[in-house]
Amino acid sequence: MRRAWLIASAGTTLGIGAGGPPVKNALAVEALQVPPSTNGAPQMIGGPCQPSQGLQALKDPAVNRGTATRQERRVQRGMQGLLPPQVTSLQTEIDRAHVAIARCCSPLEKYQAIMGLRESSWDTFYGLLSQHIKEYLPIIYTPTVGEACQKWSSLLHRPQGLYISEEDTGAVKQRLEAWPERDVRVVVLTDGQRILGLGDLGCNGMGIPVGKVTVHTAAAGIHPRWTLPIALDVGCDTQGVREDPLYVGLNQERARGSAYNRLVDELLGALKARYGPRVLIHWEDFGAGNAFRLLTKYQEQGYTTFNDDIQATAAVTLGSLYGAQRQEGVPKLADQTFLFFGAGQANIGAAQLLTLALAQQGLSAADARSRIWLMDSQGIVYEGRKGGLSPQKAAFARPARDAELAQAAGTDLDRAVELVGPDSLIGAAAKGGAFSEKVVKAITKSVQQRHGQSARPAIFALSNPVEEAECTAQQAYDWSEGRAVYVSGTAFPGVERRDGTQFTPGQCNNCLIFPGIALGVIGVGAQMVTDAMMLAASKALSGCVTAEELRDESVLPRIERLREVALKVGAAVSLEALSSEIASDSEADSRKSLRGGLGRASKLIDIEAHLRQLQYDPFNGVAG
Ligand SMILES: O=C([O-])CC(=O)C(=O)O
Ligand SMILES: [Mg+2]
């Protein structure tokens, strides 16, 4: 079939392949109200001018709605006979999927069934997620996605993203052309080196960007067409992964140095050339040695980019600290001492953002840093420690006068807590069980000594998946005699109080932040992702927490409110981009009121309305 691609200007209505945001049905082909392109690329809408027919159409997840396909559509697209005669609502299709998935016996079986649905019908899949997000988020995302990555090589998939391997060096542009979509706005990229807390899974890490783009759509309504998951395969240093005869990746040690850099550079250049200068690059689960370096390098080169594990995790951690402050007994942020256990991307990012938050509360940068202690596998980080420090750790190294204390603590966390006397303990070291009874008792005692009997420590066990968590919610509660304000990276079941009542602490996962960042950036065509935008996101997140959630010991909004939270975070991010003049001119000009003289609250409402218009809604698609 001859294929022709349509190039559209913002706001026009075109006949194209199905699946975009809603609209009129002119010319007996799907019509799409083309949302304004904010990535600076010519807006080419993917899809042949002639819509696919019959079985071909039903194999397209953007078109297929199963029995919810309208009769006229069945006739137009030659689908009669290929579908059972009953024409139902999308709700019936969703209910059918729900029943079918409920038959699966394990989380991994559910993962396979639901991801199969994603490959078969976007509207049914995202409709199902919108109605059952609490049930399915732990399947499509952490923790089950971790198990899926560990077993990726023995799962059956249809292509869900792009694999770019070291062998593609020199031909990345051509590989990128295999991806059918012309208007991609968010690329989630991993090299698989540090998948959750599971280590180097190489090419099997693909499950993570696939899960993240799914959450971009489910939470922020980023259209599935606008997202592209990429696994960069440069090898894998985990012997066990490579020895699996079914392993799908390159059977080699990880490429490093110039070979690695050349491939990343070529990929980033190709993405920019194909999708425009403002395509959002979301880095995910890179090793610490590359994560900071690549982020800085491509920020400096003018890419619109953020690292989820550094910046979005930082924003949700800071959001949790803001939320914790709203609980009675928790000292104000500016009066606290913070001990970060683990000095990897998550905790360094959180320490960096916290420094900015404290500066906003009037502390000098030096004073802010003096409240922060970092502890890694060699103990407390201090100036002049043997073996040297990375620049990121060096920024938080304790002055030489603390060397003696650090040496006395050694690598014992309970000793460090006794000596430092923190009010907040933030664990992100992927050391399951590191917050022992002794540690929890020591921090509870130290907070009470400094701030009085009713004071409460913040204990954050952020490592993923669940077996890597530093302590469970129940342990934190029991060992602190009910005082700990607790959050975890992966959801825990409810905690039983001594009086028999239950409560459920919040889940401090970057999924409360990254979808809103993408929505906020895309919504105004922001040219970069700044720390100020991350701070704005944290504040918006903690602003979403309700009094009822606080009463239920959740200092973060409930995960089932993901979509509502993404919109609030997105609006705050867009507003920050507009105020600091980093929104693209064309987009901001088309929405003068967003820049205009309205008050902050009215502007936020106006921006939310604008962002809502851009969101994909499975119940309002064109495919039916
Ligand atoms: O994926 C998650 O649940 C959070 C995350 O980014 C990580 O742990 O690397
Ligand atoms: Mg991650």
Side-chain angles (χ1 to χ4, degrees), residues 107 111 133-134 136-150 152 161 186-201 204-216 218-219 229-232 281-288 290-292 294-295 305-320 341-342 344-350 353 426-432 460-470 487-492 506-518 534 537 541 556 559 562 565-566:
Y111 176 85
I133 192 71
K134 190 174 173 193
Y136 289 124
L137 193 72
I139 304 290
I140 56 150
Y141 186 70
T142 307
T144 306
V145 72
E147 188 188 352
C149 288
Q150 289 174 309
W152 196 254
V186 191
V187 175
V188 182
L189 176 60
T190 191
D191 73 354
Q193 192 173 12
R194 196 240 71 191
I195 294 298
L196 308 174
L198 303 171
D200 186 351
L201 299 186
N204 285 348
M206 177 57 117
I208 295 296
V210 170
K212 295 277 172 180
V213 299
T214 303
V215 176
H216 273 306
I230 299 184
L232 196 64
I281 309 289
H282 163 162
W283 305 89
E284 193 65 51
D285 291 6
F286 281 70
N290 289 320
F292 289 102
L294 293 174
L295 177 64
T305 186
F306 74 101
N307 181 302
D308 189 38
D309 306 292
I310 301 173
Q311 295 167 286
T313 303
V316 71
T317 305
L318 179 61
S320 310
F341 178 68
Q345 300 169 56
N347 268 353
I348 296 266
L353 198 64
I426 299 138
K431 291 243 173 318
F460 296 177
L462 304 185
S463 295
N464 293 319
V466 84
E467 56 278 13
E468 303 298 343
E470 287 74 9
V487 298
S488 56
T490 311
F492 270 101
Q507 188 185 354
C508 176
N509 189 290
N510 50 31
C511 67
L512 287 166
I513 291 287
F514 71 77
I517 298 289
M534 291 293 168
L541 174 65
L556 286 164
I559 289 293
L562 212 51
V565 169

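Read the numbers this way: they start at 1 and go in the same order the structure lists the ligands and their atoms. Reckoned from all heavy atoms, side chains included, excluding hydrogens, waters and symmetry mates. For reference, positions follow the sequence shown, starting with 1.
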Are Met534 and Phe306 close enough, and set up right, to give a side-chain contact (heavy atoms from CB on, under 4.5 Å), and what steps lead you there?
CA-CA 10 Å; Met534 291 293 168; Phe306 74 101; 4.1 Å; yes
Quick one: ring-ring contact (aromatic ring centres under 6.0 Å, His included) partners of Phe286, sequence neighbours excluded?
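Here the qualifying residues are Trp283.
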Taking every non-hydrogen atom, the tightest pair across [X] and [Y]:
X      : Y      : value
Gly342 : Asn347 : O-ND2, 2.9 Å
Gln345 : Ala291 : OE1-CB, 3.2 Å
Ala566 : Pro515 : CB-CB, 4.2 Å

Within-2.8 Å protein N/O/S contacts of the Mg ion (ligand 2):
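You should have found Glu284 OE2, Asp285 OD1, Asp309 OD1.
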Report the residues that fulfil side-chain contact (heavy atoms from CB on, under 4.5 Å) with Cys511, sequence neighbours left out, ordered by chain and then residue number.
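Applying side-chain contact (heavy atoms from CB on, under 4.5 Å) to Cys511 gives Leu137, Tyr141, Val215, Asn509, Phe514, Ile559, Leu562.
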Given Asp308, Thr317, Thr142, the one that forms side chain to side chain donor-acceptor pair (under 3.5 Å) with Asn510
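It is Asp308, the one option of Asp308, Thr317, Thr142 that forms the side chain to side chain donor-acceptor pair (under 3.5 Å) with Asn510.
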With distance as the sole test, does Asn464 use its side chain to make a donor-acceptor pair with the main-chain N or O of Gly197 at under 3.5 Å?
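No; zero donor-acceptor contacts below 3.5 Å.
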Can you list, by chain and residue number, every protein residue with a non-hydrogen atom closer than 4.0 Å to ligand 1?
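Residue list for ligand 1: Tyr141, Thr142, Arg194, Leu196, Lys212, Glu284, Asp285, Asp308, Asp309, Asn464, Asn509, Asn510.
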Side chains of Gln311 and Leu295, heavy atoms from C-beta outward: is any pair under 4.5 Å?
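They are in contact (side-chain heavy atoms under 4.5 Å apart), so the answer is yes.
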